[in-house]
Protein chains: 2
Amino acid sequence: MSPPHRSAVQTTRPTLHEVARLARVSPATVSRVLNTPQIVAPETLERVQDAIKQTGYVPNLMAGGLASNRSRLVAAIVPNIARSIFNETVESMTVALAEANYQVMLSLSGGGDERMASVVDTILARRPEAIIVTGNLREGELKRRIVGTGATVIETWDLPAEPIDVAVGFSHTAVGQAVAQALYAAGRRRPLVLSTNTPRALAREQGFRAAMEARGVATASAAPFPVPTSLAQGREAFAAACAHGAPPDCVFCSSDWQAHGVLIEAQKRGFKTPEDVAVFGFGDLEFAESTEPALSTVRIDGAEIGRIAAKILIDRAAGRAPERAVFDVGFELVRRGSA
Amino acid sequence: MSPPHRSAVQTTRPTLHEVARLARVSPATVSRVLNTPQIVAPETLERVQDAIKQTGYVPNLMAGGLASNRSRLVAAIVPNIARSIFNETVESMTVALAEANYQVMLSLSGGGDERMASVVDTILARRPEAIIVTGNLREGELKRRIVGTGATVIETWDLPAEPIDVAVGFSHTAVGQAVAQALYAAGRRRPLVLSTNTPRALAREQGFRAAMEARGVATASAAPFPVPTSLAQGREAFAAACAHGAPPDCVFCSSDWQAHGVLIEAQKRGFKTPEDVAVFGFGDLEFAESTEPALSTVRIDGAEIGRIAAKILIDRAAGRAPERAVFDVGFELVRRGSA
DNA sequence: CTGAAAGCGCTTACAG
DNA sequence: CTGAAAGCGCTTACAG
């Protein structure tokens, strides 16, 4: 991909050998300066570092990774990045891993099973030392392929009963229960749940429904929406709910987007929030505190999930096993004006 | 990072040599099957492909990249991914490049100049064949280092007067002018502009201001906000504008987020939109059509920017120079209820 | 159409 | 603390 019309440009980079020659040491010593500086003599160190600066040398990590069998690469598989709740996790993990000289390869799994298969091949071809999964890694061939690599596998944003390796997340069922309890305590008896077609959103719905049922309250639900969620889904669902008999007196949404949509539609239809209808979101996205009224929601510390994942990886690289197989970061109910 | 407590697991992957042995061909032939299948005999092809399937062989791209001096890697530098307007561009580029067997490395430049420097080193260490920049690549050392690699450099989301190499974007000045013209034509004479501290947002503001001035109208502006933008910024800015004498009769925001915030705050203060105050956003984010009233805004085809960037890279890899140095994807004024 | 051989730029026991 | 040497897993002229 080197541009033909610029082929005259000097494009060959200095190698470790050239640095070694300039510093009058062996290539091995330059390698040590780069990777284990503490074991090289101070004067040598300085001479080599000068040579590195002088030549503008940047190590070739393809060569380094091949020789050392350590790619210093972590693969993160997410459904998408356009409007993803996982982005904060990926971002904080990327920053934390960068300090340990690891780089994150983002891979998009959205777009169906065929794409997922080629995504996995593409990932494995780079020999990542760890693979972070958000969303679902379904059973089967792919999972077996990934596990077979021996790489650390971290599942995030959920607490699987049987983690593949290590998991960092929280209980979606518990979230549903907690919201149901709060809404019940506030006197709500005609709940509506908006869900999506993901296992985690469905787990929240189940938790909610079970907790309401235990209190003798039946829960209505809208057909699961596709992800990513949207304002439009919330508006649409609330409008539909109003069309069928008695409107709900509270709505538990599967995202703050949907919840904001419910807020807008309810207001347009003359409902007062929270008096006539209480609204609960999920995610505590940045805008949640700025809606009118401000959104009550469930806060997940996505950045913390990323930080913990990074720590696990770094510890493993240093030969320390993780303290446990499952890390529960919990969640927090944030009560604001809408419920 | 191989987990100590699982060290008994078979973690060595099959190599190209083993595939070759199984298929009873030379390693070179296996390599050809992988990279230039059209030049190998049909029976040989089949035998090798069987062996690949049987062994579950996945090529090692560190080795391949080292040997061929082609990393098949494209670096994308973005400020952040948590709430970034560039994500659609990155996503569409990633998908388009995947089909050509290129992988995108996402790098986060946010967090100041020191981080940017180490980000660039990290990128260069992987020897990407191309580097995509969104946001700003300021002059100086870093830019020189990047250009020095000989990699294709694509600047996106703007039309620089002197592109480093190739640029894909649109004119922010023209956007500002177009919005000003539309608002003026709608009879608005007390405009307010909300901007951010980025060169592109400032260019839009300048374009807007100049176009209004040419029509004899002065433009008020709020102090530039930091990115990423938010609902809160819009609410705050509109509240502040109302505190100082005559409120604006139209607001041009630097994002749909801000615009939505203005909508909310205006409504809360009893303003009618668009009668009392017209609101224009920027970006045509997914939620823009679902606000109340629906948001008038400027649509940018971010995915198209990504697709064009991918095409340029693929063409270059095939030895075809891009048709031109600057690709203008334009923009579209989307008139909905708010202006 | 296929193979033998050299080499890509590093790292890492091993020896001193 | 440092160097010589082998090797990581591929690709690619070159020769046939």
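Values below: every heavy atom of this structure, side chains too, minus hydrogens, waters and symmetry copies. Chain naming here is simple, since letters A, B, ... match the order of the sequence lines and numbering starts at 1 in each.
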Taking Watson-Crick and G-U wobble pairs with both distances under 3.5 Å, convert DNA chain C into its dot-bracket string, 5' to 3', dots for unpaired and | for cross-strand pairs. |||.||||||||.|||

With a 6.0 Å cut-off (strictly less than), is the heavy-atom count around CG of B:Asp121, excluding the residue itself, greater than 12? yes

Does the pair A:Glu129/A:Arg70 count as a salt bridge with the N-to-O cut at 4.0 Å? yes

Can you tell which of D:dC10, D:dG3, C:dC10 lies closest to the side chain of A:Ala63? C:dC10

Near DNA chain D, which residues from residues 36-46 of chain B have a heavy atom under 4.0 Å away? none

Under 4.0 Å between a side-chain N or O of B:Ser68 and OP1 or OP2 of D:dT11? no

Taking only the side-chain heavy atoms of A:Ser31 (C-beta and beyond), determine which of C:dT11, C:dT2, D:dG9 contains the nearest atom. C:dT11

State whether the side chain of A:Thr134 and the backbone N or O of A:Trp157 hold a donor-acceptor pair below 3.5 Å, judged by distance alone. no

Which is true for A:Asn69 with a 4.0 Å heavy-atom rule: it touches a base, it touches only sugar-phosphate, or it touches nothing? nothing

Distances for protein N or O near nucleotides 13-16 of chain C N or O, under 3.5 Å:
{"unit_1": "C:dA13", "atom_1": "N6", "unit_2": "A:Arg32", "atom_2": "NH2", "d": "3.3"}

When you compare C:dT12 with C:dG16, how far apart are their C1' atoms, in angstrom units rounded to a whole number? 16 Å

Between A:Thr152 and A:Arg316, do the side chains contain a donor N or O and an acceptor N or O under 3.5 Å apart? yes

